[in-house]
Q: 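Attaching a single structure in structure tokens format; questions to follow.
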Amino acid sequence: MVHWPKTVYGNVILLMLTAAVAPALVWAAVSLSGPLVWATLAVVAVAGVALYIRRRRIEAARERAWVGSFSFGDAVDQMRAREAV
């Protein structure tokens with residue numbers, strides 16, 4: 001699954017690639033216009049949105065699972081408390 005880039009450079013490259021590929025896809029869809037092509041594009045679009053929503057729900061569930069759990073910061077606090085004693 002594709003993830004959004006974490007750097008500005010990565011975002012610029014992604015947007016440039018999208019700007020280059022999107023017109024070619026529209027041109028291909030128009031030139032091959034027919035019910036099969038449009039149905040396929042609709043299925044791909046719906047599947048993409050469904051996968052995006054599923055991924056967001058999984059990430060939200062993972063974040064909720066981490067709330068209140070033991071973290072590296074807790075370990076550092078315990079080590080500092082032992083050193084202070």
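Since this is a predicted model, take the numbers as computed values, not measurements. In what follows, residues are counted from 1 in the order of the sequence shown.
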Q: Does a side-chain heavy-atom distance below 4.5 Å link N11 with T7?
A: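 The answer is no; the side chains never approach within 4.5 Å.
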
Q: Output the distance between atom CG (D77) and atom CZ (F72), rounded to the nearest 0.5 Å.
A: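 Here the interatomic distance stands at 10.0 Å.
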
Q: So do the side chains of E63 and W66 get within less than 4.5 Å of each other, counting heavy atoms only?
A: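 Contact flag for E63/W66 side chains = no.
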
Q: Do V8 and M16 share a hydrophobic cluster, counting only Ile, Leu, Val, Met, Phe, Trp and Tyr and linking them when any side-chain heavy atoms are less than 4.5 Å apart?
A: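 In one cluster: yes.
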
Q: If Ile, Leu, Val, Met, Phe, Trp and Tyr residues are connected whenever their side-chain heavy atoms lie under 4.5 Å apart, and connections chain through other members, are L25 and L17 in the same group?
A: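 Yes, because L25 and L17 connect within a single hydrophobic cluster, where side-chain heavy atoms sit under 4.5 Å apart.
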
